[in-house]
Protein chains: 2
Amino acid sequence: MSYSVGQVAGFAGVTVRTLHHYDEIGLLVPGGRSHAGHRRYDDADLDRLQQILFYRELGFPLEEVAVLLDDPKADPRAQLRRQHELLTARIERLQQMAAAVEHAMEARRMGINLTPEEKFEVFGDKDPEAHAEEAERRWGGTEAYAESQRRAATYTKDDWQRMQAEVASWGERYDALMAAGEPPSGEAAMAMAEEHRRHISTWFYECTYEAQLGLADMYVSDERFKEFYDSMRPGLAEHLREAITANAARHGS
Amino acid sequence: MSYSVGQVAGFAGVTVRTLHHYDEIGLLVPGGRSHAGHRRYDDADLDRLQQILFYRELGFPLEEVAVLLDDPKADPRAQLRRQHELLTARIERLQQMAAAVEHAMEARRMGINLTPEEKFEVFGDKDPEAHAEEAERRWGGTEAYAESQRRAATYTKDDWQRMQAEVASWGERYDALMAAGEPPSGEAAMAMAEEHRRHISTWFYECTYEAQLGLADMYVSDERFKEFYDSMRPGLAEHLREAITANAARHGS
DNA sequence: GCTTGCACCTCACGCCGCGTGAGGAAGCAG
DNA sequence: CTGCTTCCTCACGCGGCGTGAGGTGCAAGC
């Protein structure tokens, strides 16, 4: 069985021109040609094209794709293993970016302005340590700068205030809850955790229980977030984290 | 506080040239210039750059990025929400690709050759239904073709045989296990499920319990995979699926 | 038998997102 | 004052195709 350019382009979801290009640069030379000089792709060519598209989608330059595919010590098994590894790595990367976006949103919610370093922490930044030193050495006093920026958040006026009011109301009720000695795993605290999640979902993004767990960790590990919650009542950040954990466990199963 | 090109390039992980380019095309015009004509980026510029890099990383052309960012009815909140949605969509997409890779590996393990449509199912293929009709109409008899291809797998000779031997041995023992009336949730069956997972992990890719669940579903839903296992013993595919499920549940908690 | 139409062919130029110099000025360290 | 670094502005080039332009091969309909 062999296929024409149009057919291959059809099920591979690429243009005929792309196939021509791959032929030109020797990346995918069809197994044969018809009498009239038309390209004829066989099954092996399709497999190869599939591989090509895979690596291309992950952003590899075509030249490198050729190297990967023509690597003699990489049998099909090794290829698939590599692909699988690449995919999981990419997924992890995206999840990091998602976490960063969540981080950014939380910062905005609390009126905290991030330092330049934090803004780009998910990009570039190949060598975090060296970078931090560099930053200190060259532009000095990053920490002091951060301090000075902490309250200079850019608001979006109108309904921002309504949101702030919600936060304040929630904070007062959580304060009362803790004053009453409610445990984090209790009904009341979990209800507050649930409200917290709903608040984020309506004002920002669809916040899953899993995403909320990520936030909860941040509330105790990041100084400023911790400060934000603890200013409502000392120990609130930690209490909230446990309440969120309990609430997520309840809904998770 | 304002920053020079070099500084911005530093923490954003881009080159100076890139910043120049963004200035040229009007995508990111620095807030001001120094006396000597040097670009000076302020905090708002950094925020914008962060956004730009985000969309760029997701593959948007710069022109479109400009549209997204200058969209007047998208406040910062909406931006973040959109970004979050894009990310989860991308993650889903990659997970689909991972599943497709797993699918391909299983097919190879069993010596099944996929049809062209299957090979590319994760790419292009915008309109699956229309595509299937088209394929039938134009290149007809896809099913018949698939039939003819089913045993024409390309082996990788040497250790391939050892792997096949492992599979055969596993199959015989599973056959015996079922003959002895062992239930899927029993120790013996779960041990076989675990061995199945290890087999894939050593010969192919790191197979998590979750990934194995995906495979298990495939074994009963895809005719050819089902056939493969049921040829060892009728009902084996279903039995195995339940054993895998039980084994995953045990390790999952 | 002739035209119409479609899918194929081969040049060849253009666009985007920068990389990569070239040539020069500004600013800071010794 | 001398260097070293960072900055500036052209301006050309490259990868990965898109997009014609102009021509061929083949099956269907007149």
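Here is how names work: the chains are called A, B, and so on, in the same order as the sequence lines, proteins then strands, and each is numbered from 1. All values below come from the heavy atoms of this structure, side chains included, with hydrogens, waters and symmetry mates left out. Owing to the predicted nature of the structure, the values given are computational and were not obtained by experimental measurement.
Counting only N and O atoms by type, the side chains of A:His84 and B:Glu206 include no donor and acceptor under 3.5 Å apart.
Shown here are the side chain to side chain donor-acceptor pair (under 3.5 Å) partners of A:His21, two or more places apart in sequence or in another chain: there are none. When the salt bridge (Lys or Arg N to Asp or Glu O under 4.0 Å) test is applied to B:Arg198, the partners found at least two apart in sequence or on another chain are B:Glu194. In terms of the salt bridge (Lys or Arg N to Asp or Glu O under 4.0 Å) criterion, B:Glu223 has no residue partners (sequence neighbours excluded). Partners of A:Asp217 by salt bridge (Lys or Arg N to Asp or Glu O under 4.0 Å), not counting sequence neighbours, listed by chain and number: A:Arg241. When the side chain to side chain donor-acceptor pair (under 3.5 Å) test is applied to B:Arg56, the partners found at least two apart in sequence or on another chain are B:Tyr22.
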Sequence-aligned protein contact record of nucleotides 10-26 of chain D, with B where the base is within under 4.0 Å of a protein heavy atom and S where only the sugar-phosphate is: -B----SBBB-----SS
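As a whole-Å value, the separation of B:Leu53 CG from C:dG17 P is 14 Å. Atoms CD1 (B:Ile52) and P (C:dC16) sit 17 Å apart, rounded to a whole Å. Atom P of nucleotide D:dC8 and atom CG of B:Asp23 are separated by 9 Å, given to the nearest angstrom.
One finds a side-chain N or O of A:Arg39 lying less than 4.0 angstrom from the OP1 or OP2 phosphate oxygen of C:dC9. Phosphate proximity of C:dC8 to A:Ser4: present, with a side-chain N or O under 4.0 Å from OP1 or OP2.
No contact: A:Arg40 has no heavy atom under 4.0 Å from any strand.
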